[in-house]
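One structure is given here, and the rest of the page talks about it.
Counting begins at 1 with the first residue of the sequence. Order of appearance sets the numbers: ligands from 1, and atoms from 1 within every ligand.
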Amino acid sequence: MLVDSHCHLKDSRYGKSPLEVAEDGKKEGVSLFINIATSLEGSSESSKICSSIPYVYGTVGIYPHSDMGVGTDILQVGLEKIIEGNSKIVGVGECGIDISDHTPARELGDQINLFEMQVELAVKKGLPVIIHNRNGDDKVLEIISRYKNSELKAVAHCFSSGWDVAQKFLDLGVYLSFSGMITYPSRNDLREVVSKVPDDMFLLETDSPWLPPQGHRGELNYPKYVKIVAEKVSQVKEKPYLTVASLSTANACRLFNINL
Ligand SMILES: [Zn+2]
């Protein structure tokens with residue numbers, strides 16, 4: 001079985017309901033989905049989606065450039081309320097640092113505050129943090145390193161840095177999650193990380209509807225394509241596909257505290 005540890009099931013571009021998108025994945029061998037929120041409203045949606053589909057779990061979280069203009073304290077209260085109301089909320093995020101040409105953009109100082117709030121919330125609730133990191137390696141590592149030897153659990157979603165940065169995350173006990181990016185011909189740096197990551201520290205994801213794997217670029221991504229990510233990991237790690245599937249599933253269930 002496979003887990004898509006990071007997908008966004010609700011997207012108007014699909015022209016399908018979250019249930020239909022998840023069902024399509026299930027037919028292709030994806031047994032479990034973690035639906036990731038990116039805003040306060042999306043966190044409420046995520047809660048509804050995982051309440052209504054037995055094999056979907058969810059997160060609550062605020063993306064670095066979402067809910068601009070809303071106070072961090074208000075966002076915290078909102079997220080906490082959703083976590084307390086639904087035992088199928090299994091993580092906080094995606095949250096982190098995004099230094100890009102995103103418009104509108106939250107200033108770096110405010111991004112840091114928002115990220116710190118969500119890391120604290122995750123620790124308080126005993127949930128893992130789903131880290132979004134675009135061009136923010138140093139800042140993210142600095143914040144996460146404050147929690148070394150604490151109860152903090154985390155995953156670097158859609159890992160896209162090199163082995164030097166990967167080692168720093170792994171030293172802090174942070175899982176690495178691989179997406180369709182590992183199939184892109186130019187990303188030998190990522191395949192090096194795949195080949196070296198310990199068997200008990202990696203997850204698989206699609207980040208659907210974003211980041212389709214090679215062969216589907218320019219199209220929407222779907223959770224069923226997590227199979228393509230698993231095949232690539234199998235090839236790079238020179239391990240049987242079924243071994244990669246069961247290792248990544250066990251890792252996701254351990255991180256998100258899900259008993260199958
Ligand atoms: Zn995402």
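Taking 2.8 Å as the threshold, H6 counts as a candidate ligand of the Zn ion (ligand 1), since one of its N, O or S atoms lies below it. At least one N/O/S atom of H8, whether from backbone or side chain, sits less than 2.8 Å from the Zn ion (ligand 1).
Under the 3.5 Å distance criterion, with hydrogens and angles disregarded, no donor-acceptor pair is assigned to the side chains of H157 and N133.
Between D24 and K16, at least one side-chain N (NZ, or NE/NH1/NH2) sits under 4.0 Å from a carboxylate O, which counts as a salt bridge. We find that K139 and E142 are joined by a salt bridge, their nearest charged nitrogen and carboxylate oxygen being less than 4.0 Å apart.
Looking at D207, its N, O or S atom nearest to the Zn ion (ligand 1) turns out to be OD1. If you look at E94 and ask which of its N, O or S atoms sits nearest the Zn ion (ligand 1), the answer is OE2.
Remark: side-chain polar atoms of K88 are not paired, donor with acceptor, to backbone N or O of I49 under 3.5 angstrom.
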